[in-house]
Number of protein chains: 2
Amino acid sequence: MTGPEKTEARKSKILEAATKIFSEKGFQDATISEIAKAAGASDAFVYEYFSTKENLLFSIPREHMQKLFENIEFHLKLIRGAVNKLHATLYMQLIYYSEHPEFTAVLLLILKHNRKFINTDAHKEIRDYLKIVDRCLKEGVESGEIYADIDPYYLRATLIGSLEHIVINWLLRGKPENLMDAFEPMFEVCLKLIQKKPETPNCPLLSQKNVEQEP
Amino acid sequence: MTGPEKTEARKSKILEAATKIFSEKGFQDATISEIAKAAGASDAFVYEYFSTKENLLFSIPREHMQKLFENIEFHLKLIRGAVNKLHATLYMQLIYYSEHPEFTAVLLLILKHNRKFINTDAHKEIRDYLKIVDRCLKEGVESGEIYADIDPYYLRATLIGSLEHIVINWLLRGKPENLMDAFEPMFEVCLKLIQKKPETPNCPLLSQKNVEQEP
DNA sequence: ACTAAATAATAAATGTTATTCAATTATTAT
DNA sequence: ATAATAATTGAATAACATTTATTATTTAGT
């Protein structure tokens, strides 16, 4: 392994060690010494690549999100229908989470609620992912597959909010069962929410708001 | 103000200062000195009431959650119908969040994703609140108001997940609009999700699963 | 192959901040 | 008023992120 390659490998190794230790102990209780040791480097060497402990934390998602993003974009080209695309997108997201639980813990338990991180370049990849969901919803509304009478912002909030809530609970409970078991029931709930019933001319209640709610 | 009263008042003052400063800077960047100064006390005095900085953080929600819990329990006695009760419960939660944005930031941005906090006594009050939601859902399923064919866990995950997602986004975007503006559209989405359509004997599609999804 | 420059790597030094402790002031009870 | 107790704090300690100065290693020119 030559110079720059070795360097890249070492950098990756630090990022991996950081992911593992941050996910286990949280940002607070993880120390640079511990991470450096796990990566086989000295404390000071960590600072060659990452200006601060926080910058090290913020550097974790980039590569993951890019990989997930590209993977989803590739598969979506092969899928017809907005609801099917949405299904595939959320499924791939959940698969990725379930296969990378340490990264997921860092992302959902530490980063996603961090104001500083949100205003970082590194957060761009996460917004790119959300744009895919928005695109699917838009396509579905235009094609008539998905309800048009709800602000798409609330649709997306419900989809992403439910999914992340379930993943976060899974993480906090110590990942007892296979995360993928939750996917179909959850997506079924979401379908109820977003998907128009097929046209039924003799049954007008189906295609309009029809439920009165006493005040 | 006599001894023990003064003490309680000072303790509250520290908690308030901590809430404010934690919500502004995050746990990381807030210092005990800063909190002590804001509360008009010395650094060492903070440790009279709170054993560690983390314990101070964990002590913030108790009183808030108790107040919210009692308030909801009181009002629910006056309301008939599971969906109405759910509406009122989520509404009161959102009102509380919107009226106590600093506490809400501490709760939703710092505490809710903290493994140590989850295993703390202080977290009990939060579980009590969730039990109210569960009770409403159960009542609704039993009375036929709410779909019985979905695991209630996913219903609750969707309700709470959506609501918190919206509140977290509101916090992270700097609380630009009135949070309550989001409530009715959000609850409408949730109703689509949970509420059975009224019985329509001549329209069997309404009361059963009827949507085929191509594979 | 040899050396100068550049780069990689680290040990030790520094500064900040949570936490503890010993000392001081205020309050209460007798 | 005085002893006893509680409240309060300034100063000491320790852990840890970050910097600096120094040493080892690689690279490129001859």
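Convention: sequence-line order gives letters A, B, ...; per-chain numbering from 1.
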- [ ] Would you indicate whether the side-chain heavy atoms of L137(B) and L159(B) approach each other to under 4.5 Å?
- [x] yes
Open item on the list: From CD1 of I21(A) over to P of dC16(D), roughly how many Å is that when rounded to an integer?
Closed with: 13 Å
- [ ] Report yes or no: does N119(B) contribute a side-chain atom to a donor-acceptor pair with the main-chain N or O of R115(B) at less than 3.5 Å?
- [x] yes
TODO: Report the distance from atom CD of E48(B) to atom C1' of dT25(C), rounded to the nearest whole Å.
DONE: 14 Å
Task: Atom-pair distance (CZ on F45(B); P on dA26(C)), nearest Å - done: 14 Å
TODO: Measure from OH on Y49(B) to C1' on dT9(D) and round the result to the nearest Å.
DONE: 13 Å
- [ ] Respond yes when some side-chain nitrogen or oxygen of R10(A) is under 4.0 Å from OP1 or OP2 of dA9(C), and no when none is.
- [x] yes
TODO: Could you tell me which residues satisfy ring pair (Phe, Tyr, Trp, His ring centres under 6.0 Å) with Y47(A), sequence neighbours excluded, listed by chain and number?
DONE: none
Where do N or O atoms of nucleotides 18-21 of chain C meet protein N or O atoms at under 3.5 Å, pair by pair?
from	atom 1	to	atom 2	distance (Å)
dA18(C)	OP1	A30(B)	O	3.4
dA18(C)	OP1	K53(B)	NZ	3.4
dA18(C)	OP2	I32(B)	N	3.1
dT19(C)	OP2	Y47(B)	OH	2.9
dT19(C)	OP2	K53(B)	N	2.6

- [ ] Just name whichever nucleotide pairs with dT30(C), Watson-Crick or G-U, keeping both distances under 3.5 Å, else none.
- [x] dA1(D)
- [ ] Answer yes or no for K53(B) and F27(B): cation-pi contact, defined as NZ/CZ to six-membered ring centre under 6.0 Å and angle to ring axis within 45°.
- [x] yes
TODO: Let me know the distance between CD1 of I35(A) and C1' of dC16(D), rounded to the nearest Å.
DONE: 12 Å
Open item on the list: Whole angstroms only, please: what is the CD1-C1' distance between I14(A) and dA8(C)?
Closed with: 12 Å
Task: Distance-only polar pair, side chains of Y97(A) and Q93(A), donor-acceptor under 3.5 Å - done: yes
Task: Check: E184(B)/H87(B) side-chain N/O donor and acceptor closer than 3.5 Å - done: yes
Open item on the list: Can you measure K25(B) atom NZ to dT17(C) atom C1' for me and round it to whole angstrom units?
Closed with: 13 Å
